[in-house]
Each structure stands twice: as structure tokens, then as C-alpha cells.
Amino acid sequence: MDLSRLEPLDAYRWSLRGEAGRAPVVLFGDRELLTGMDDKVLEQIGNVARLPGLVGAAMTMPDAHWGYGFPIGGVAAFDAEQGGIISAGGVGFDISCGIRCLRTSVTLERLARKMKALADGLFVSIPAGLGREGHLHVDPETLDRILVGGAQWAVEHGYGSGEDLACIEDHGRADGADPAQVSAQAKARQLREMGTLGSGNHYLEVQVVDRVFDASAAAAFGIAEGDVLVSIHCGSRGLGHQIGTDYLVSLAKAAGRLGIALPDRELACAPIASPEGQAYLGAMRAGINCALANRQILAYLTRHTLRHFFPDAELPTLFDVSHNTCKAETHRVDGRERLLYVHRKGATRAFGPGHPALPDRYRPFGQPVIIGGSMGTGSYILAGCAEGEARAFSSASHGAGRQMSRSAALRRWRGRELIDDLAERGILIRTESMRGAAEEAPGAYKDVHRVAEATEGAGLARRVAFLRPKICIKG
DNA sequence: ATGTCC
């Protein structure tokens, strides 16, 4: 990215020079992260800043990269009463993709003795890969109840407990979901895919807490150095993807009908208050519930498998965060509380200390934020902080973020070699696709340590712990 | 991300 068009606000915050007809643009990240970003990121977030009803600045997180319409790592808030819009490209195709993090009572010593068997066991029990079907097949009526009930449906049907729900965003269920706005095709794709991981950057990882940055927040989150965790990264599978595809068309038509000038056709959108906007909102929330139920079922399968190897294992939920959503939230803007529709595409909600939506135990420390690492590199747990509210509508990074395209990664690496190298370093990968593993090469991603450091430096969230991977099941 | 092109 050409930094000459940017004005540094400080070492971690940059403003794009103003232009007529465009709202402010702020990019978070250090000089090296921004230098490494594609110019497309700047072009795309500049386009977002031209959409109607934007409040404050259009923003990118430190892990941002080029995406469909909106950059991945993009954050934009809109006010329905000011003609604000909602955009499918601002949420992403994998609606409510996110990470469920489970704590475990398994010690590193016990894990070390069962590494290979556990890796093989998880690979058998966790359905992964493109188009892969799950153990649970549902009928259309049941799917509609899942789309309304989310993880709450899953818990009611034996896949977990109320303690899980307390540690999921929105208590495991998005209000206002409307399955009637989800196409028959989208639903048909999901009937056999509940409880599946998917492909691409999705994974299930067994991790060890390698370093604690903030002992009091870590204690509140229930973790300490040497603890074993399991993180599950996945989303709403075929259903979410089909909702995105369907509404790209309907929102583009609405934009045309209402004369909304689109700087890029990939930014198809409609006013939140329009029939098409409301329909997408209802469908997208159904997609959120699909993803929340999916991660709850995968948590159940994970517990079942770990208890086969460690019969006394407890695996309580630390937290479950989504990073592809648009959520109605109240934010203070220029001293006034306003209801905003915050698009976070490849960005995590990061409420600060004291927020009423947080579980009691976490509230004094802020919301757990999870930055998922690339294959074999490690992940971070952070905590939302007060500055993030004013700076980014309480948003933070969601991962390492790609720095190289999938095709470029395929040309450069071989999956088999990457996996053998990682095994020599004590990290076991099990995957359905060697091609997928090459695309997910650690070198194709930004440095997760730098992303986490910049996220803290920018005042978006504070680092709490670094997690080192031990076993990774890839789609 | 995705029954990677109906």
C-alpha cells in the first residue's frame, strides 16, 4: 500500500486524506503491516466510506486484506434513520464465521502422551472438508427451528449446557432471525451440513497457553500458562454462502431501484429501512444462528472425542466470537447514544470493561477477543478495552490475515512438505486436502504476533495470552 | 468462504 496518501494519527492509526463526498477513513496497523497491504484495501475501504448513512469513519483492522466489495478486516457502522444501508458484501459470504474456544482440564503432560491418537481421533470425529456431511441430518422444519434458536436450540437438544450459552455472544442466539427470508436452496444445502467444519481457513486446533500477558484478565477467563485449550473456527457453511449469493442479487436490484450510487457493484446494498434491507437482516440473522448452532454441535463432538482419551476431561466454553456479522448496537457518537448497524467483516466485536452484554466474570476485564492464527503459528486471546469503543465501535482484529493469494501460495508451497515440517516441530496437522494445506501455508499469512501487537497498540484490545498449536484438524 | 461453473 502506498502510504503517501495516508496521514499518521499515531504509530498504529492512519487516516486517508479527505475527498469530497466521502466520510473519513481510518486504517489501524503499524507501518510494516500497512506497507504490506494491497492497494485494493485502500480503494475498497474508500468506496465503503461513500455509502449512504455511514457514521464516523470507515475502518480497517490491522489484519485487513482484499475481499469481495468490502475488505476483510473492514468495519463500518450505519444509521437506519440517516438512510444507512446494509450490505451482504459488508458481512461476508460465510455469515457469522467465528471461533469457539474451549478450556480443558487436560494437562500438557497427559496431552503429550496421546498426541497422535488424539489427532487421529479428532480427524475421524470432526467432519471437515468441502461439501462434507455431518452426523446430524435434519428435516426442513427442524432447520427452521435451528435458524431461529441458534446455539440455544442445540443446547435444548442435548449438545451443551446453559453455561455454554452464557459465554457466547448474544447468549447463543440472534434476535430477529426470519427463516422465511432464507431461500429453499440455501436451506437445502444445510440439511446435512450441521456440525461440520468446512474448508479453507477453518480448523479445529488443540492449543497450549504459551504466554500470559495479563494475569488478572487470564485468571478471569480461566486460563494460565501450560493450560490446554481447543479452538474451533468455522461458520454457517452452505446456508450462509447461499444467503450471501441470493442477497447480492436482491440488494443490487434495490440499490438500482432506489438510485443508490454504488462505487463498486460488489457493494450491493439497500437501506436498512427498505423491504430488501429488512429481508436480508432477517436472513443474515438466521445465518448467524446456523453458525452458532454449528459451533455448539462441534463443541459437543469435541468433548465426546476428548473424553474418549481423557474420561474425566471438563471442557467449558471460554467464549464464542463471530467475525462476519452486521449487528444492531447502541454506541455513543458525539455524546449521544445512537442505534447503529455495525458491519464487521473479518473483524471481531470487542466490548470494553463494564459492558452489560458480558458475562459477570468477564465484565470487569472486557470481552474475550480471539485472533485465530494461521496453520501452525499460534493464536491470541485479547480483551476488549475502553478506547476501542470510541475508536472503532468496539471492534478488533480476527486473525493473522492473508498477505498472499491462494493461487500464489499454491505455486510456492507443497502441502505435504509443510505438514512434515510442522510435525518435526511437534505440531500435528490432519487434513482432507493437501492442496488446501498449501493454500493455508503459514507464509501466506501476516505475522500474527505483529497483528496482535498492533491491535493492542491501536487501542482496540489488550493482549491476554498467546496460544501455541499442538494439533490442527483442517478442512 | 463455497455442492471452487447450471
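In what follows, every chain begins at residue 1, and chains take the letters A, B, ... in the order their sequences are listed. All values below come from the heavy atoms of this structure, side chains included, with hydrogens, waters and symmetry mates left out.
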**Student:** Starting at CG of A:D246 and ending at P of B:dT2, how long is that distance when rounded to a whole Å?
**Tutor:** 16 Å
**Student:** Output the rounded distance in Å from CZ (A:R406) to C1' (B:dT2).
**Tutor:** 11 Å
**Student:** Does A:G200 reach a base, just sugar-phosphate, or nothing at all? Heavy atoms under 4.0 Å.
**Tutor:** sugar-phosphate
**Student:** Are A:R402 and A:Y445 in a cation-pi setup, meaning NZ or CZ lies under 6.0 angstrom from the ring centre and within 45 degrees of the ring axis?
**Tutor:** yes
**Student:** In this structure, how many angstroms lie between the P atom of B:dT2 and the CG atom of A:N324, rounded?
**Tutor:** 11 Å
**Student:** Rounded to whole angstrom units, what separation is found between the CD atom of A:E440 and the C1' atom of B:dT4?
**Tutor:** 14 Å
**Student:** Quick one: are the ring centres of A:H304 and A:H135 less than 6.0 Å apart?
**Tutor:** no
**Student:** Heavy atoms under 4.0 Å, any strand shown: does A:G198 hit a base, just sugar-phosphate, or nothing?
**Tutor:** sugar-phosphate
**Student:** Does anything in residues 33-54 of chain A pair up under ring pair (Phe, Tyr, Trp, His ring centres under 6.0 Å), and if so which pairs, sequence neighbours excluded?
**Tutor:** none
**Student:** What is the distance, rounded to the nearest whole Å, between atom CD of A:E193 and atom C1' of B:dT2?
**Tutor:** 9 Å
**Student:** Can you see if the side chain of A:T245 gets near the phosphate of B:dT2 - specifically, an N or O under 4.0 Å from OP1 or OP2?
**Tutor:** no
**Student:** For A:Q185 and B:dC6, what is the distance between atoms CD and C1' respectively, to the nearest whole Å?
**Tutor:** 10 Å
**Student:** Is there any ring pair (Phe, Tyr, Trp, His ring centres under 6.0 Å) pair reaching into residues 37-68 of chain A, and which pairs are they, with sequence neighbours excluded?
**Tutor:** A:Y68-A:F93
**Student:** Within this structure, what is the CD1-to-P distance between A:I72 and B:dT2, rounded to whole angstrom?
**Tutor:** 13 Å
**Student:** Whole-Å distance between B:dT4 C1' and A:E432 CD?
**Tutor:** 16 Å
